[in-house]
Protein chains: 2
Amino acid sequence: MSDNTEFVKKLRSVGLRPTKQRLKICKILFDRKNTFHFTISDLQKIIKTKIEEKVSLATIYNTVHSFKKKGYLKEISINSDKSYYDTNITNHHHFLDEETNELLDLDDNDISNLKIKKTIPGKKIKSIEVLVKIANNN
Amino acid sequence: MSDNTEFVKKLRSVGLRPTKQRLKICKILFDRKNTFHFTISDLQKIIKTKIEEKVSLATIYNTVHSFKKKGYLKEISINSDKSYYDTNITNHHHFLDEETNELLDLDDNDISNLKIKKTIPGKKIKSIEVLVKIANNN
DNA sequence: AAGTATTTTATAATGATTCTAAAGTACTGT
DNA sequence: ACAGTACTTTAGAATCATTATAAAATACTT
């Protein structure tokens, strides 16, 4: 450790204080090439194994919520067991493997010209989320 | 009360015993013209007001689960607060009004030729669910 | 009507998430 | 650097939806 400059800036840019805990979580979540899909307990496990000092569960919740509110994370609606989060904050969709419960990103381009033909007077579309459930062939 | 013959048959046809509780819930859920979107607590409130005798919460859960397993109800993934159920068991999608938290059915025809262009080897698509979040214009 | 399998029920248990309020840390102005 | 304030972290309690438990009630079969 530790070149945190990038993450310090990132946090500062949206008015979050760069605390030790937020920086640790930042690194775990954003210091990677690919999209990361996780639940709070996934994150907790990773923290437990990768980090020397502990971060309390309440802080993990707080931090993830802050990141979400500031637009660093997206919450995904899959089921009601627990919340899933995604480091890919662009418009996109998901495969959900029913066998493994794993998520896989699905690009906007992977879906043919999706258009909603119905409109509701006085309402506008905020987002469109496609969830494609998949399972083993056989 | 009470021409339950229809519901008795319905339950019998999938091997569910037509108990008093199941018939009551059947009537509330399926004796209506339009699709019904509800949570367990919605259902509990309706039972509390419409029915003379009480039905225990555990039974409401059990019954809804049985109906779901037998294909009379569909579970909808909206958020992680609680489970939502839908009496419309055909392939269809939803508007979710972010202001009121209300659901609205979206027919397959209301969506232009939705095609998933990506495939995963060894996996097949089980279902495709589109959730369109809407909010007030302004 | 008796015997067995299912169902209902109240209540306890669980698990995810939020709340609380005290202790710790970061920032501001000097 | 220092004091004062505002924000964060923390452990633990509280909450809420859901599931488990096991005894009493009901439905079905013969």
Side-chain angles (χ1 to χ4, degrees), chain A residues 2 4-5 7-26 28 37-48 51-70 72-73 75-85 101, chain B residues 2 4-5 7-26 28 37-48 51-70 72-73 75-85 101:
Chain A
S2 56
N4 287 332
T5 353
F7 298 124
V8 171
K9 269 187 206 157
K10 194 169 175 172
L11 290 170
R12 281 248 159 72
S13 75
V14 292
L16 289 175
R17 288 186 178 173
T19 63
K20 219 169 28 172
Q21 292 83 348
R22 283 177 184 154
L23 285 168
K24 280 175 181 164
I25 295 177
C26 257
I28 291 173
H37 298 118
F38 65 95
T39 64
I40 295 290
S41 75
D42 293 337
L43 184 50
Q44 191 185 22
K45 271 177 215 135
I46 295 173
I47 290 171
K48 202 168 272 167
I51 305 258
E52 45 298 334
E53 300 146 74
K54 86 170 291 207
V55 177
S56 84
L57 185 57
T59 300
I60 300 177
Y61 272 101
N62 289 341
T63 303
V64 166
H65 285 162
S66 297
F67 287 171
K68 185 194 161 195
K69 194 179 337 178
K70 298 305 186 180
Y72 290 167
L73 291 175
E75 194 169 1
I76 318 173
S77 307
I78 308 180
N79 66 40
S80 326
D81 288 0
K82 47 176 81 168
S83 281
Y84 284 75
Y85 295 91
N101 238 4
Chain B
S2 55
N4 288 331
T5 352
F7 298 124
V8 171
K9 271 187 202 155
K10 192 169 177 174
L11 290 170
R12 281 247 159 74
S13 74
V14 293
L16 289 176
R17 288 185 178 174
T19 64
K20 217 169 30 170
Q21 292 81 348
R22 282 176 184 154
L23 286 169
K24 277 174 184 166
I25 295 178
C26 257
I28 291 172
H37 299 118
F38 65 95
T39 64
I40 295 291
S41 75
D42 292 338
L43 184 50
Q44 192 185 22
K45 271 177 217 138
I46 295 174
I47 290 172
K48 202 168 272 167
I51 305 258
E52 43 299 333
E53 299 146 75
K54 87 171 288 206
V55 176
S56 85
L57 185 57
T59 299
I60 300 177
Y61 272 101
N62 289 341
T63 303
V64 166
H65 285 161
S66 298
F67 287 171
K68 186 195 162 192
K69 193 181 334 175
K70 297 305 185 179
Y72 290 165
L73 291 175
E75 195 169 0
I76 318 173
S77 308
I78 309 182
N79 65 41
S80 326
D81 288 0
K82 48 177 80 169
S83 281
Y84 283 75
Y85 296 91
N101 238 2

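Throughout, a chain's letter reflects where its sequence line sits, starting with A, and its residues are numbered from 1. Hydrogens, waters and symmetry mates are skipped; everything else that's a heavy atom, side chains included, is used.
The nearest whole Å value for the distance from the NZ atom in A/K69 to the P atom in C/dT18 is 12 Å. Residue B/I60 contributes atom CD1, which lies 16 Å from atom P of C/dT11 at whole-angstrom precision. As a whole-Å value, the separation of A/K45 NZ from C/dG15 P is 12 Å. Here the C1' atom of nucleotide C/dG15 and the CG atom of A/N79 are 13 Å apart, to the nearest Å. Spacing between atom CG of B/L11 and atom P of D/dA27 amounts to 13 Å, rounded to whole angstrom units. The nearest whole Å value for the distance from the CZ atom in B/R22 to the P atom in D/dT26 is 15 Å. Distance, A/N4 CG to C/dA26 P: 13 Å, rounded to whole Å.
Of the side-chain N and O atoms in A/T19, one or more sit less than 4.0 angstrom from OP1 or OP2 of D/dT9. Contact annotation: B/Q21 reaches the phosphate of C/dT9 (side-chain N/O to OP1 or OP2, under 4.0 Å). Look at B/K20 and you won't find any side-chain N or O under 4.0 angstrom from OP1 or OP2 of D/dA27. Residue A/R12 places at least one side-chain N or O under 4.0 Å from the OP1 or OP2 atom of C/dC27.
Between B/Y72 and B/V14 there is a side-chain heavy-atom pair separated by less than 4.5 Å. Contact of the B/L23 side chain with the B/L11 side chain is registered, since non-hydrogen atoms from C-beta on lie closer than 4.5 Å. Side-chain contact between A/L57 and A/I40: present, with at least one pair of heavy atoms (C-beta onward) separated by less than 4.5 Å.
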Checklist line | nucleotides 16-22 of chain D: protein proximity per nucleotide (B base, S sugar-phosphate only, - neither; heavy atom, under 4.0 Å) | finding: -SBBB--
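Minimum atom distance to the side chain of B/T63 is reached by C/dT8, of the listed D/dT10, C/dT8, D/dC28.
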Next item on the list: Let me see the working for A/T39 and A/D42 under side chain to side chain donor-acceptor pair (under 3.5 Å), right down to the final yes or no.
Entry: CA-CA 5 Å; A/T39 64; A/D42 293 337; 3.2 Å; yes
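Without hydrogens or angle criteria, B/R12 side chain to B/P18 main chain gives no donor-acceptor distance under 3.5 Å.
Atom CD1 of B/I60 is separated from atom CD of B/Q44 by 5.0 Å, given to the nearest 0.5 angstrom. Atoms CG and OG, on B/D81 and B/S41 in that order, are 10.5 Å from each other to the nearest 0.5 Å.
Residue B/T59 is classed as a base contact, given a heavy-atom separation below 4.0 Å to a base.
Annotation: of the two residues near DNA chain D, A/R17 and B/L16, the 5′-most nearest-nucleotide partner is A/R17.
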